[in-house]
Amino acid sequence: MVTSSVPLRLNRLSSNCSTVDLWNSQIREAVNKNHPRKALLLFRQMKQNAIEPDNFTFPFVAKACAKLSDQKYSQMIHTHIVKSPFFADIFVETTVVGMYVKSGRIDCAYRVFDEMRERDVTSWNAMLVGFVQMGFLDRVCGLFCEMELVGIRPDAVTVMGLTQAVSKSKNLYMLKGIHLFGIKIGVYGDVLVANTWISAYAKCGDFGSAELVFDGIEEGLRTVVSWNSMIGGYANDDKFVDAFNFYKCMIGDGFRPDLSTIVSLLSSCKQPDELFQSKLIHSHAIHCGCDLAISVINTLISMYSKCGDVDSARFLFDGMHDRTCVTWTAMIGGYSCKGDMDAALGLFSAMEAVGKKPDLVTLLSLISGCGLIGGLGLGKWIDSYAGSNGLKNNVMVCNALVDMYAKCGSIGDARELFYVMSERTVVSWTTMVAGCALNGEFREALDLFHEMVEMGLRPNHITFLTVLQACTHAGFLEKGWECFNTMISVYNINPGLDHYSCMADLLGRKGKLKEALDFVQNMPIKPDVGIWGSLLSACKIHRDVEIGEYAAHHLFELDPHMAAPYVEMANIYASAGRWDGVAKMRSMMKCNKVRKFPGQSHVEVNGKTRTFTVEDRDHPEGILIYELLDCLSFQSKEDASYSRHLEGISDHDLR
DNA sequence: TTAGGGTTAG
């Protein structure tokens, strides 16, 4: 809408300046204050008032278009520029390149760039950044070489563009090369360049180099962005403790956190034991005035949910006036991840009722909740909802559905969907392998793994973990070793504690206790409670007092207050008739003040939660329940024996 | 120059 206030004001001010200068200053102010629409409105008014724009007007108008990232406006402004006498101006043309880059029209940007009669380093940088943003690494390198050939000297912006390009591809080797190049051309002292390097090194996982660059910035030159780059780097890698330590140093150095600091830090708080620090960050956000930004509130909702405080999340959610799809999804996800599907679905309906359209992330949250509670009926409904709302052609949604079906015990549905998916990623195959293993289809799990490898897909550390788990549960020792060795020698993946734990468990279950002990003792990483616990459990099955004592000794050292190792060791002693050992365990438990709390199970029947413990006979129908349980147990053993018979594995093999 | 909220495999 055209208003008369601006021209009137301009007329009053026009005594010392030309009219176009005044329009330009208004447009520039609107752009700098981040009001691109206002800038474009002023430009239209200017034309309507028959004021011809000059070579200063166009760059600002182009910048406004770039901020809007709108292809239609970009095209319109370009047409204006082409018709103007400033079309051949290097400054104007460079801005047009930047405008097209920002609106995602890299083809148009390159056409303008290619047809420029004259180019300076800024023109080359604008084009470089364009290719960087599109992830066209080969074009970036090509353009960079061409730039050198025509004798254009790269500057700090060139180095920053190249750094961003390689950080996107996580190519640490190339990043170090660009770092050296930056030092060579003398831009290493530029704090903007240093900040880009910090962020890039963090993205490549090289936190040592990131910290070296951070420490190398002169203290007076460090900015809040330098701190944010370090904090964001650690936060993105789920290293909350490191991120929080940097945050404390930042505050100690007198820096005021901004929106970026707060959002980065909060998004890395995912554990209940991080709730205290998270609340501290929340209070800082309030102190800094960042707590009202919608991105911060959304992150807070997600943070409180993940840390187990869903009530606080809901309190924030209820207090919001403008909720975006992200807000609704964060809260729905909060309920879903703790299995409260009634609340999650209630919000999903409320969301649709207020006219907010759920997206694929909303569905992903709901689907994973169904898998958690085994809600097959609800899961199927979401499947059909995804299909009728055009969200089922997404590979992530399909992966989540396959996972949900497998977790709900409906492996047939999982298989059916898996085989009709138009695209299958490593996650899809891993999900299917894990699903088969979960449903006892161990051979199919291994076949799928081999099929995936034959198709040229590269398995990752999670794929190997699921295959190892399948081998452990099936008792496939040879296959387990083969998989473990392949992971190291063929795929160059270092096994983590989980992989070692699986192998130790597999060896132990098969009664290869000495081999298992040797394996654990020679691990390149320190064995944890899980690994020693697996070995101790195997000793209990195979009644090995000596190795059992050794494993228990390590467990007592790691955590003397954990009851399970004392109980397991006492059982091992009892089965060997070593009553002195049983008494010793009792006395150690007393001495270390260890109390064993009986494990409880919960089951929801007709909306009512029932809680019970081992050998719990309090229920009025206890006798009937235990009779049925014995029946089921017998039937299950018979079924397992029959399955093994079919597969050619005897009970003897499993011992 | 950083970061940018909700998300699929263990």
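Values below: all heavy atoms of this structure, side chains included; hydrogens, waters and symmetry mates excluded. Residue numbers start from 1 in every chain, and the chains themselves are labelled A, B, ... in the order their sequence lines are given, proteins ahead of strands.
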Contact class for [X] (heavy atom, under 4.0 Å): base, sugar-phosphate, or nothing?
{"X": "A/S260", "value": "base"}
{"X": "A/I231", "value": "nothing"}
{"X": "A/C325", "value": "base"}
{"X": "A/T431", "value": "sugar-phosphate"}

Measure from the side-chain heavy atoms of [X] and tell me the nearest of [options].
{"X": "A/V326", "options": "B/dG5, B/dT2, B/dA9", "value": "B/dG5"}
{"X": "A/S295", "options": "B/dG10, B/dT1, B/dG5", "value": "B/dG5"}
{"X": "A/V263", "options": "B/dG4, B/dA9, B/dG6", "value": "B/dG4"}
{"X": "A/T299", "options": "B/dT2, B/dG5, B/dG10", "value": "B/dG5"}
{"X": "A/N228", "options": "B/dG5, B/dA9, B/dT2", "value": "B/dT2"}
{"X": "A/T466", "options": "B/dT1, B/dG10, B/dG6", "value": "B/dG10"}

Rounded to the nearest 0.5 Å, how far apart are [atom1] of [X] and [atom2] of [Y]?
{"X": "A/M331", "Y": "A/R314", "atom1": "CE", "atom2": "CZ", "answer": "6.0 Å"}
{"X": "A/K203", "Y": "A/L172", "atom1": "NZ", "atom2": "CG", "answer": "14.0 Å"}
{"X": "A/L175", "Y": "A/C204", "atom1": "CG", "atom2": "SG", "answer": "5.0 Å"}

Counting only side-chain nitrogens and oxygens, does [X] get under 4.0 Å of the OP1 or OP2 atom of [N]?
{"X": "A/K306", "N": "B/dT7", "value": "yes"}
{"X": "A/N236", "N": "B/dG4", "value": "yes"}
{"X": "A/K270", "N": "B/dT7", "value": "no"}
{"X": "A/S199", "N": "B/dA3", "value": "yes"}

Under 3.5 Å, which donor-acceptor pairs do the side chains of residues 358-366 of chain A form with other protein atoms, sequence neighbours left out?
from, atom 1, to, atom 2, distance (Å)
A/D359, OD1, A/V361, N, 3.1
A/D359, OD1, A/T362, N, 3.2
A/D359, OD1, A/T362, OG1, 3.0
A/T362, OG1, A/T329, OG1, 2.9
A/T362, OG1, A/D359, N, 3.0
A/T362, OG1, A/D359, O, 3.3
A/S365, OG, A/V361, O, 3.2

Distance-only donor-acceptor check, side chains A/N298 and A/T327, under 3.5 Å: yes
For the side chain of [X] and the base of [N], is some donor closer than 3.5 Å to an acceptor across the two?
{"X": "A/N195", "N": "B/dT2", "answer": "no"}
{"X": "A/T329", "N": "B/dG6", "answer": "yes"}
{"X": "A/N460", "N": "B/dA9", "answer": "yes"}

